[in-house]
Amino acid sequence: MATVDWTADANEALTLTLVRAEEDKQVLGGEETYEEFHPTFTYPIYGEEEKIYGYQDLVIDLRFASGSLAQYLSVRHAQKLDASTTVDNVEGILKEFIPPDYDTDEAAFLTRVQEDAVSFKPIGSVVHSYTRPASSTSGSGSATQEVVEYEVYHVSATWNDPGFREYHRRMQIFILLYIEAGSYISEDDDAWHFFVLYEKRKRQNGTKTYHFIGYSSVYKFYCFPEKHRLRLSQFVILPPYQHQGHGSELYKTIYNYALLTPLISELTVEDPAEAFEDLRDRNDLRMLLGNENFMKEGFGNEAVSHGGGKVQKRRTRARANPMGASSGMVKVTGKMGPPIDKAWSESFRTQLKMAGRQWQRLMEMLILMHLNPTDVQAARAYRLQVKERLYRFNFEILAQLEKEERLEKLEETFQSLRDDYLRILAMIK
């Protein structure tokens with residue numbers, strides 16, 4: 001007789017849904033779906049192993065009204081063990097992480113979805129908006145509207161915006177479910193700022209309703225003598241909206257907010273995940289490539305086109321580059337060197353309010369992007385510039401090695417970093 005497995009994978013058992021009112025569903029494209037997606041992590045809730053014991057065919061049905069994020073929770077299973085002392089209390093554990101006003105009656109929840117869809121309005125002030133082409137509606141073959149609007153709302157750090165404290169308690173669970181080592185922040189700290197992204201969708205009757213996409217929390221630090229530094233702490237875009245450029249729009253909104261606020265000196269990022277680091281790199285690089293003054297001073301006039309800083313290839317009859325080598329530019333004549341003019345670089349970094357390490361990485365990527373592979377002297381200067389930074393950054397580890405091993409480790413790290421830079425640069429060409 002086969003042994004029955006009473007253990008469920010918490011990531012698979014927990015099913016999330018963004019529920020829209022019926023009128024809002026009518027304008028969705030045929031491929032748009034916001035139902036039944038799963039978390040990436042559940043260990044903050046159900047433990048390190050992300051396992052739930054005592055059930056067969058367990059389904060934890062957690063739904064959110066797509067705008068107000070009002071919640072509904074239902075726990076279903078085919079069978080449950082009788083031994084109550086060893087069986088996990090699924091709802092009892094989860095309820096500790098969500099507000100107590102969640103619905104358990106499906107009909108009551110759906111009624112609330114219909115009501116909230118019309119009455120809900122985002123909290124805070126609009127700081128950025130953009131549009132995207134609308135998808136075709138299911139069964140129609142044509143779009144019901146030409147574009148869909150998106151808006152980013154900024155909520156200040158005082159928690160004084162009416163209703164935002166309660167709204168934050170509803171949306172913060174996404175931090176636990178999608179950010180590794182994510183945790184809830186203290187509501188007693190008034191140094192937090194929030195940037196919340198919504199879809200603004202028009203119904204067939206012209207009414208516009210709002211639907212939550214994701215958000216970021218940013219912490220404000222004092223920066224001597226009279227400014228502040230912003231640290232981007234949490235950043236999440238829900239799975240149904242990922243890989244559509246919404247994360248880039250949210251990041252650019254935060255960066256532009258820092259750039260345009262006189263009392264903010266710098267934007268930093270707290271322990272970024274690899275995917276977010278790529279997103280940040282792509283957007284920062286595009287911003288610099290579009291900065292005409294920076295490009296002219298850094299690489300000379302020939303590096304800037306009328307397309308806002310896009311690098312142009314010099315048409316010559318020179319030999320082709322080997323496979324895998326950079327297409328290159330003419331020999332660099334500007335401040336970027338290599339080696340880079342450090343005083344000039346620091347002046348631009350301060351002006352553009354970027355963190356030191358991120359700025360150095362961006363400079364290294366841009367130099368590599370423009371580096372003429374036939375210029376041996378420039379290639380050597382670039383390699384030494386990057387290795388100098390790597391040595392300083394990893395000093396405690398490298399200082400413990402013998403000289404020969406240290407040089408080998410530096411070269412290995414340099415080559416790995418160069419490969420990663422080429423991977424990132426390929427994304428923006």
Side-chain angles (χ1 to χ4, degrees), residues 180 235 242-243 245 247-248 251 269 271-290 294-295 298-299 303 309-314 318-332 334 336-340 342 345 349 354-429:
E180 189 167 11
F235 190 100
Q242 291 177 5
H243 308 297
S248 289
Y251 171 73
V269 177
D271 192 21
E274 183 177 332
F276 180 83
E277 198 165 52
D278 281 357
L279 180 149
R280 181 191 187 192
D281 288 343
R282 292 195 306 269
N283 284 284
D284 287 350
L285 284 168
R286 289 182 180 125
M287 180 275 294
L288 290 171
L289 288 169
F294 171 81
M295 293 297 292
F299 296 104
K310 184 178 180 182
V311 177
Q312 299 293 305
K313 295 180 181 178
R314 173 68 61 94
R319 288 180 60 190
N321 296 313
M323 284 196 307
S326 169
S327 59
M329 288 284 295
V330 295
K331 185 175 181 178
V332 173
M336 292 289 277
I340 196 170
K342 292 183 179 180
S345 174
R349 184 197 72 80
M354 288 199 174
R357 180 174 177 269
Q358 174 67 1
W359 179 259
Q360 290 174 327
R361 294 177 65 256
L362 293 169
M363 296 305 97
E364 292 165 4
M365 281 187 258
L366 287 173
I367 294 173
L368 179 61
M369 185 179 191
H370 290 74
L371 199 61
N372 186 340
T374 64
D375 189 336
V376 177
Q377 183 178 352
R380 182 177 183 274
Y382 173 73
R383 186 169 63 252
L384 291 176
Q385 176 182 317
V386 176
K387 285 185 176 181
E388 179 188 359
R389 179 184 69 81
L390 292 173
Y391 182 78
R392 291 197 309 269
F393 186 71
N394 300 284
F395 175 78
E396 291 186 5
I397 297 174
L398 293 172
Q400 300 176 31
L401 305 178
E402 296 294 332
K403 182 178 179 180
E404 184 175 344
E405 187 180 1
R406 183 165 63 242
L407 293 175
E408 289 179 0
K409 181 61 67 175
L410 264 177
E411 177 64 19
E412 177 186 326
T413 305
F414 169 77
Q415 292 297 338
S416 176
L417 186 68
R418 181 181 179 276
D419 289 344
D420 195 52
Y421 283 172
L422 291 173
R423 177 186 65 82
I424 295 166
L425 290 170
M427 300 179 187
I428 64 170
K429 291 182 179 180

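The model shown is predicted, which means the values in this text are computed figures rather than measured ones. Just so you know, residue 1 is the first one in the sequence shown, and it goes up from there.
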Is it the case that the side chain of [X] and the backbone of [Y] share a donor-acceptor pair, with hydrogens and angles ignored and the cut-off at 3.5 Å?
{"X": "Asp375", "Y": "Ala378", "value": "yes"}
{"X": "Arg349", "Y": "Trp359", "value": "no"}
{"X": "Gln385", "Y": "Ile340", "value": "yes"}
{"X": "Gln400", "Y": "Glu396", "value": "yes"}

Arg423/Asp278 under salt bridge (Lys or Arg N to Asp or Glu O under 4.0 Å): CA gap, chis, key distance, verdict: CA-CA 10 Å; Arg423 177 186 65 82; Asp278 281 357; 2.9 Å; yes

What pair of heavy atoms forms the shortest contact from [X] to [Y], and how long is it?
{"X": "Leu390", "Y": "Leu398", "result": "O-CD1, 4.2 Å"}
{"X": "Leu279", "Y": "Gly247", "result": "CD1-C, 3.6 Å"}
{"X": "Arg389", "Y": "Tyr421", "result": "NH2-OH, 3.4 Å"}

side-chain hydrogen bond (donor to acceptor under 3.5 Å, both in side chains) between Gln377 and Arg380, intermediate numbers included: CA-CA 5 Å; Gln377 183 178 352; Arg380 182 177 183 274; over 6 Å; no

Lys409, NZ atom: more than 12 neighbouring heavy atoms under 6.0 Å: no

salt_bridge(Arg418, Glu364) N-O dist < 4.0 Å: no

Nearest 0.5 angstrom please: [X] [atom1] to [Y] [atom2], how far?
{"X": "Gln360", "Y": "Glu388", "atom1": "CD", "atom2": "CD", "result": "9.0 Å"}
{"X": "Tyr391", "Y": "Leu410", "atom1": "OH", "atom2": "CG", "result": "8.0 Å"}
{"X": "Leu368", "Y": "Leu422", "atom1": "CG", "atom2": "CG", "result": "5.0 Å"}
{"X": "Ile428", "Y": "Asn283", "atom1": "CD1", "atom2": "CG", "result": "10.0 Å"}
{"X": "Ile367", "Y": "Leu362", "atom1": "CD1", "atom2": "CG", "result": "11.0 Å"}
{"X": "Leu289", "Y": "Leu366", "atom1": "CG", "atom2": "CG", "result": "5.5 Å"}

Steps toward side-chain contact (heavy atoms from CB on, under 4.5 Å) verdict (Asp284, Arg361): CA-CA 11 Å; Asp284 287 350; Arg361 294 177 65 256; over 6 Å; no

Heavy-atom side-chain contact between [X] and [Y] under 4.5 Å:
{"X": "Met287", "Y": "Met354", "answer": "yes"}
{"X": "Val386", "Y": "Pro338", "answer": "no"}
{"X": "Met336", "Y": "Phe294", "answer": "yes"}
{"X": "Leu401", "Y": "Leu407", "answer": "no"}

Ring-face cation contact, Tyr251 with Arg280, 6.0 Å cut, 45° max: no

Parallel, tilted or perpendicular, as decided by the 30° and 60° cut-offs, for the rings of Phe299 and His370: parallel

Full working for side-chain contact (heavy atoms from CB on, under 4.5 Å) between Glu408 and Glu404: CA-CA 6 Å; Glu408 289 179 0; Glu404 184 175 344; 3.7 Å; yes

